[in-house]
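Structure first, then comments.
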There are 2 protein chains.
Amino acid sequence: MNSGRFAISVHILTLLTFSEDEWTPSEHLAGSININPVLVRKELANLRARGLVISKEGKAGGSKLAKPAEQIFMSDVYESVRQKELLGKAANSPNPDCEVGQKINEHLDFLNDRAEQTMIASLSSISLRDFCDRFV
Amino acid sequence: MNSGRFAISVHILTLLTFSEDEWTPSEHLAGSININPVLVRKELANLRARGLVISKEGKAGGSKLAKPAEQIFMSDVYESVRQKELLGKAANSPNPDCEVGQKINEHLDFLNDRAEQTMIASLSSISLRDFCDRFV
DNA sequence: TTGTACTGTAATTAATAAAATTACAGTAAT
DNA sequence: ATTACTGTAATTTTATTAATTACAGTACAA
């Protein structure tokens, strides 16, 4: 599904919360997460597109939160990372000669949407601040 | 995450619902789903372990639902397929010299558990019968 | 105005995971 | 005994993900 990208994004945002007001370079973030800085920069690009972080280029550049941690929710992170169906989709298209095969994907999408909506609702009740408060 | 296994299992169960009382061979299921029969048999093994289907070996063998479709819920299917964290986990272990890195996984587990619980609750309100009724 | 420390992104390669295939032993009906 | 299945292990192929390399662009600061 979205493999480890959600974890990476939350990790990034957590680090940025703890160094509020500073421009944190991606190299530093990558060091704590223990992944390649290019991957961090890709996730930062997503988070930026969602308005969750801002970045500054050039020397002494880096990233910081675009708004207070109270106003960022885990559902925002999920949505910045979302790509594939939550419950997964069949790799092959089902046999169109089969009555069930014809329609199954449409009905699976319904399940997916429903499951995802509930999950997003549950994540939307946890702010980045709430999450970071768990560290103390 | 669980890739396409949820979709495959739901597809299997749907086909078995529509051919209730017959022993359906895995070859037939694989044909409609358009995947390899060995994969179907692996999923059947999971569904069997969860008590959702029963199988019969030998000639004229195959599989059928272990109980009425009214008593099988999408949450059961999810649980039979569940393996990895819903939201995914970092591939590498975070830097233990970093205060955030040390504890992040524990806190991510909390998010995962919470999200997964809500999602399971939502899937538990849809029975296999409900799902199959959508085909008519 | 040049060096340095960053970002941003494309392209490639390496590692990992998933799916398909092959193979074959076991079972039950006929 | 033959046929039509299940069950599962082992291997190969394919797809996905992560890491690496490479380099152009930007901003600060000496």
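The chains referred to below are lettered A, B, ... by the order of the sequence lines, with proteins before strands, and numbering in each begins at 1.
Nucleotide D/dT17 holds its P atom 9 Å from the CZ atom of A/Arg5, rounded to whole Å. Remark: C1' of D/dA19 and CG of A/Asn34 are 12 Å apart, rounded to the nearest angstrom. Here the P atom of nucleotide C/dA20 and the CD atom of B/Glu43 are 12 Å apart, to the nearest Å. In this structure, the CG atom of A/Leu39 is 17 Å from the P atom of D/dT16, given to the nearest Å. Look at CD1 on B/Ile35: it is 10 Å from C1' on C/dA20, rounded to the nearest Å. Between the P atom of C/dA18 and the CD1 atom of B/Ile8 lies a distance of 12 Å, rounded to the nearest Å. Distance A/Lys89 NZ to C/dA18 P: 19 Å, rounded to the nearest Å.
Proximity of B/Leu52 to B/Leu65: side-chain heavy atoms (C-beta onward) are nowhere separated by under 4.5 Å. Here the side chains of A/Leu44 and A/Leu29 are in contact, with some heavy-atom distance below 4.5 Å.
Checking the phosphate oxygens (OP1, OP2) of D/dA18, no side-chain nitrogen or oxygen of A/Asn36 falls inside 4.0 Å.
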*asked:* Within the 4.0 Å limit for protein heavy atoms, which parts of nucleotides 3-12 of chain D are touched? Write it as a string from 5' to 3', B for base, S for sugar-phosphate only, - for none.
replied: BBBBBBB---
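Counting only N and O atoms by type, the side chains of B/Ser80 and B/Arg5 include no donor and acceptor under 3.5 Å apart.
Under a 4.5 Å side-chain heavy-atom cut-off, the cluster of Ile, Leu, Val, Met, Phe, Trp and Tyr residues that includes B/Trp23 is completed by B/Ile54. Other members of a hydrophobic cluster containing A/Val136 are absent, since no ILVMFWY side chain comes under 4.5 Å of it, directly or through relayed contacts.
A donor-acceptor pair under 3.5 Å is formed between the side chain of A/Asn112 and the backbone N or O of A/Leu86.
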